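Accompanying notes for the structure given below.
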Amino acid sequence: MNSSSPQTIEEQEQTTKLGAVIDLRSDTVTRPTPAMRRAMAEAEVGDDVYGEDPTVNRLEAAAARIFGREAAIFVPSGTMGNQIAIKLHTRPGQEIVCEDRAHILDWEMSMPAWFSGCILRTIRGEDGILTWPEIKKKIAAPGYARAQTGLIEIENTHNMAGGTITPVDVMEEICDSAHERGIAVHLDGARIFNAAAALGKSVAEITRKFDSIMFCLSKGLGAPVGSMLVANRSFIDQARSVRKALGGGMRQAGILAAAGLIALEEMPKRLPEDHANARVLAEGLAQIPGIGINPAKVRTNIVVFDVTATGMSSSELLRRLRERNVIGSVINESLVRMLTHMDVSRSDCEQAVETIRQICS
Ligand code: TLP
């Protein structure tokens, strides 16, 4: 287990009481903008299980158009989006190749095994980046005596590796080579808009070869709830049944989709600001004796740093930081994770660096 629960319930309650905290635990913590709240209040709704919610339908059409695909489905969470895709791409008894710190491995409750009957065949990629030559070695040889590889999964940006970006040509080589062998490739693109912003390319351009793409509205894009699964029409038609089976049929979900539409259409353009703030954080941290980080590797909104040389464990450092109203999350004994998002400013990041400096000195 390379992670621990970021917070106990008591700690979370304490957090909500604190008020002026600089909350760098995740980009999931953002509150809906006033425009989102207005759109939610005014949303036209219907029963989405009957396919009759006009706002959900608009959101799904917009996501499909933006990704240049036939269809999309609105799901309650990124976890559900990934797990629906895994269910549809695989058969029980198969293997899924993914990176060693993948979200589907560490944070999705063993659902590939539990729900789809598959095991994960992992590879440690430098900076979380997988390449075809490495993946190729892990693909099961055809035959009756070995579990067959049913799916390859790529996470971009890679969360626990520090928001790193797998280059487009690397992803495309993986997709082309997998397809030659009849293996599908799913993208956990929870933060694919961050990758696109950092690369200066459109999400459609960088994801065109994947068989399915999950992305989150509720991370850097700032929506309160929701993710999308994007693919061809027949895949998304089947995804509707799997979503229902998982309890993800949400009725008047237009209330949520209304915020999702603003997230999708308005928020990607502000992501460079989060990336610049993450750089401020990383460059500041790099100046603090005992903190291990290479700021040049911080290209999006996730900052992961090593605290071993401070003599404190990550949870000890975070406990002391929390006393001073700065919160981050634990990855493991030595690694801390901090994310920038629309509810933290550049000066919040500077303040966080200063607080960490005081604690370390
Ligand atoms: N990530 C959360 C935690 O679960 C770790 C976070 O705070 O970063 N894929 C990736 C790459 C993710 O980072 C996440 C959420 C998901 C999928 C799942 O999304 P949700 O939380 O909506 O199920």
Side-chain angles (χ1 to χ4, degrees), residues 1-7 11-12 15 23-30 73-86 96 98-112 115 120 122 125 127-130 153-166 171 186-196 203 207 210 212-230 243 246-248 250 253 256 259-260 263 271 274 278 300-304 314 318 327-332 335-344:
M1 184 73 183
N2 66 358
S3 53
S4 66
S5 170
Q7 275 202 309
E11 281 170 337
Q12 281 173 21
T15 302
D23 192 346
L24 299 165
R25 287 170 302 168
S26 183
D27 49 7
T28 58
V29 299
T30 56
I73 180 172
F74 184 46
V75 289
S77 66
T79 300
M80 191 184 288
N82 280 337
Q83 296 307 323
I84 291 172
I86 288 172
I96 300 163
C98 68
E99 211 272 334
D100 187 38
R101 291 157 285 176
H103 195 276
I104 59 164
L105 172 65
D106 284 335
W107 299 88
E108 299 194 11
M109 312 302 295
S110 297
M111 277 290 273
F115 184 53
L120 299 176
T122 65
D127 297 324
I129 295 169
L130 295 186
E153 190 257 12
I154 304 294
E155 186 175 311
N156 198 6
T157 65
H158 194 299
N159 185 349
M160 293 298 153
T164 50
I165 301 170
T166 302
M171 294 197 290
H186 171 69
L187 175 67
D188 176 346
R191 299 183 179 81
I192 196 63
F193 281 91
N194 294 86
V203 287
T207 61
F210 286 94
S212 54
I213 303 140
M214 185 286 291
F215 73 94
C216 294
L217 300 162
S218 60
K219 307 283 178 305
L221 302 184
V225 177
S227 297
M228 309 295 302
L229 183 60
V230 191
R243 182 185 67 176
L246 286 169
M250 290 192 291
L256 300 173
L271 293 175
D274 294 345
T300 62
N301 69 327
I302 306 183
V303 180
V304 173
S314 52
L318 284 170
I327 50 181
S329 60
V330 170
I331 293 185
N332 59 28
L335 295 178
V336 168
R337 185 185 76 143
M338 291 185 165
L339 279 81
T340 55
H341 51 76
M342 68 184 192
D343 287 351
V344 291

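The structure displayed is predicted, hence computed values, not measured ones. We count residues from 1, following the sequence as given. In what follows, every heavy atom counts, from backbone to side chain, and hydrogens, waters and symmetry copies are set aside. Counting convention: from 1, in listed order, for ligands and their atoms alike.
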Is ligand 1 under 4.0 Å from a heavy atom in the side chain of T79, in the backbone, in both, or in neither? both

With a 3.5 Å distance limit and no angle check, can you tell me whether E99 reaches the backbone of G125 through a side-chain donor-acceptor pair? yes

Side chain of T164, backbone of G128: donor and acceptor closer than 3.5 Å? no

d(S314 OG, N332 CG) to nearest 0.5 Å is 6.0 Å

Counting only heavy atoms, which portion of R101 has something under 4.0 Å from ligand 1: side chain, backbone, both, or neither? neither

Is T157 close to ligand 1, meaning an N/O of one under 3.5 Å from an N/O of the other? no

Per-atom filter on ligand 1: closer than 4.0 angstrom to a heavy atom of E108 are 17 (C)

Give a yes/no on ligand 1: does H158 have at least one heavy atom closer than 4.0 angstrom to it? no

Calculate, to the nearest 0.5 Å, the distance between atoms CZ and CE belonging to F115 and M80 respectively. 9.0 Å

Name of the residue among D23, D27, T30 meeting side-chain contact (heavy atoms from CB on, under 4.5 Å) with D343: T30

Consider ligand 1: state whether an atom of it lies below 4.0 angstrom from any non-hydrogen atom of R25. no

For R25, does its backbone N or O pair with a side-chain atom of R337 as donor and acceptor, under 3.5 Å? yes

Heavy atom under 4.0 Å from ligand 1: found in E155's side chain, backbone, both, or neither? side chain

What is the closest protein heavy atom to atom 9 (N) of ligand 1, and at what distance does it sit? D188 OD2, 2.7 Å

With respect to atom 12 (C) of ligand 1, which of M80, H103, Q83 exhibits the smallest heavy-atom separation? H103

Answer yes or no: is there a donor N or O on one side and an acceptor on the other, between the side chain of R101 and the main chain of D106, under 3.5 Å? no

For ligand 1, the portion of L339 having any non-hydrogen atom under 4.0 Å away: neither

Residue, atom and distance of the protein heavy atom nearest atom 21 (O) of ligand 1 read K219 NZ, 3.7 Å

Suppose I only count heavy atoms of A190 and a 4.0 Å limit; which atoms of ligand 1 are within that range? 9 (N), 10 (C), 11 (C), 12 (C)

Which of the numbered atoms in ligand 1 are below 4.0 angstrom from a heavy atom of S77? 22 (O), 23 (O)

Please could you name the atoms of ligand 1 that W107 approaches to less than 4.0 Å, counting only its heavy atoms? 5 (C)

Under 4.0 Å from one or more heavy atoms of S26, ligand 1 contributes atoms 6 (C), 7 (O), 8 (O)

Heavy atom of the protein closest to atom 22 (O) of ligand 1 (residue, atom name, distance): G78 N, 2.8 Å

Look only at the side chain of T340 and the backbone of D274, and say whether a donor-acceptor pair between them is shorter than 3.5 Å. yes

Would you say the side-chain atoms of N301 pair up with the backbone N or O of L339, donor to acceptor, closer than 3.5 Å? no

Could you establish whether R191 and ligand 1 come within less than 4.0 Å of each other, counting only heavy atoms on the residue side? yes

Please answer whether the main-chain N or O of N159 pairs with a side-chain N or O of E155 as donor and acceptor at a distance below 3.5 Å. yes

For F215, which residues count as a ring pair (Phe, Tyr, Trp, His ring centres under 6.0 Å) partner, sequence neighbours excluded? F67, F193

